[in-house]
Amino acid sequence: MLRKVKGVRDILPPESIKFTYVIEKFRKIVSRFGYEEIITPTLEYFELFEKKSGVEISKTMYVFKDKKGLILALRPEVTPSIARIYINYLKSSPLPVRLFYVANCFRYEEPQRARYREFWQAGVECIGLKEPYGELETLTMVDTLMNELKIPVSIRIGDMAIWRSIFDYYLIPDEKQQLLFTALDKGDNETFTNLVQEYVPPKAINMFQRLMQIKGSNVSSLCAECRRILSDYGFSEIEGRIDFIEELSLSLKLSRNSRIILDMGFARGLAYYTGIIFEVYSSNLDVAIGGGGRYDSLIEVFGGPPTPAIGFAIGVDRVSMALNYDVKTSPRILLVPVKPEYISAALNAQVILARKGMCTELEYKRDLRKALKYANNRDIPFVAIIGSEFVSEGKVTIKDMMRRTQHVISLEKIADIVAGQGSS
RNA sequence: GCCGGGAUCGGCUAGUGGUUAGGCUGGCGGCCUGUGGAGCCGCCGAGGUGGGUUCGAAUCCCACUCCCGGCCCCA
């Protein structure tokens, strides 16, 4: 038995059909918002991801030396590659630069439900669009895409900026802040408190506890609660940030299938986020099917000009798992020459139909009886029988396998019969 | 990295130390000349890998590999 590497998958039909369906919908939607596709390398230098992707990701990277001894990594995500590309080639492009990608990514973790070592991300990066326009655009695209895919979602929104500005106020160093975010994200209150008490008075810890419990869908009342907490502890200058979040959620015109969950106790593993962060959840999968956020300092940290940026990605694997319907494909027609001497005639018919955009399959070997059985078995909805009448008059017998009816018609009219008879 | 449960024809499975490893489904061919879902017949096709115990292993033991699920984290 030829074995497969752990955590990677062979994706066969019909799974692969759903997979590419999700990708095609993604391409279509983000293109409509002005995004253009970019292709980035699977391999990058390890150091590209090392610094700003965060400890969790760098622990789980595929890292190795090439024959020259260079330390390389298989990409665990693509945002750093795009930041690199922006700095190298696109610095003087008019802003914003809107890019999207569909890429396989790799993380060395223990495989489990909806989590693989090789997985596909479809994402966008919007470089050069400031708050709140990038947020509005990005969240609108997420909503539009999920609505198009008919997946009801809740979008969990958090904000790194509030926490960062409070932590900065208390002069907590960057590395410690990162640890705090990790603890916050895990809901590990003990670690969080232990880490933070070295820098802040007990009173502030109390405020943190209250703040991180703010969670729910009634954004306005939650924001009011946040403002109350902040002013109680003398952080009134940060209330403007709460106003921003409230305005953002009010300006978003999401479809009926999407809802917002505000969660102040939410952080993300990626170390480069600076502002709004979000994760997308579907009720039929208990893991995030997408996520993103604002990263206004990444490009500068990488040596580029200070440039605001925001992006998101969906997990193609997970989104196609969340699709609870079968993807329709174009109805196929099996072309059956009744005798071997009609094969070339059938081939002609196939070319004519292909030029009309129809999907056909040519039967070379089976006799008519076998071919009909085969069509049944494969759920091919139509069979076109090609015999003498095709050669003499250009007519075929088209059989509707479901209705068990058949008509002798000219090839030109097949489209009328087949139209609207999609199969799954 | 840790913790559970698994692995027999392509798919589903039977088999608890001696079987030509059985069945169902499938694929291919036939009964059957240009008309399908039935039936009958034939053929194809298997114990993850490597060790060990034994006269003898799918079966017992060990290790590894991979799968499924959980912790953790995320897409």
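Bear in mind that the values here come from a model prediction, so they are computed numbers and not experimental data. Throughout, protein chains are lettered first and strands after them, A, B, ... in sequence-line order, and every chain is numbered starting at 1. Hydrogens, waters and symmetry mates are skipped; everything else that's a heavy atom, side chains included, is used.
- Note on Ile289(A): only backbone sugar-phosphate atoms sit closer than 4.0 angstrom, heavy atoms only; bases stay farther off.
- To the nearest whole angstrom, the two P atoms, one in rA14(B) and one in rG22(B), are 15 Å apart.
- Other residues, nucleotides and ligands contribute over 12 non-hydrogen atoms within 6.0 Å of the NZ atom of Lys4(A).
- Of the possible donor and acceptor atoms, none in the side chain of Ser258(A) sits under 3.5 Å from a partner among the backbone N and O of Ser255(A).
- Between the CD1 atom of Ile398(A) and the C1' atom of rU35(B) there is a distance of 14 Å, given to the nearest Å.
- Taking atom C1' on both rG50(B) and rG10(B), the two are 26 Å apart, rounded to the nearest angstrom.
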Check: Could you spell out the base pairing of RNA chain B in dot-bracket, with Watson-Crick or G-U pairs whose two distances are under 3.5 Å, [ ] crossing and | to another strand?
Finding: (((((((..((((....[...))))((((((.......))))))...(((((..]....))))))))))))....

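- Between Phe106(A) and Phe119(A), the distance separating the two ring centers is not shorter than 6.0 angstrom.
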Checklist line | nucleotides 62-70 of chain B: protein proximity per nucleotide (B base, S sugar-phosphate only, - neither; heavy atom, under 4.0 Å) | finding: ---BSS-SS

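- In this structure, Tyr35(A) has its ring center at least 6.0 angstrom away from the ring center of Phe100(A).
- Nearest-nucleotide assignment on RNA chain B puts the 5′-proximal partner with Arg366(A), out of Ile385(A) and Arg366(A).
- By the 6.0 Å contact criterion, CD on Glu341(A) is enclosed, its count of non-hydrogen atoms from other residues, nucleotides or ligands being greater than 12.
- Residue side chain Arg369(A) does not reach the base of rC31(B) through any donor-acceptor N/O pair under 3.5 Å, judged by distance alone.
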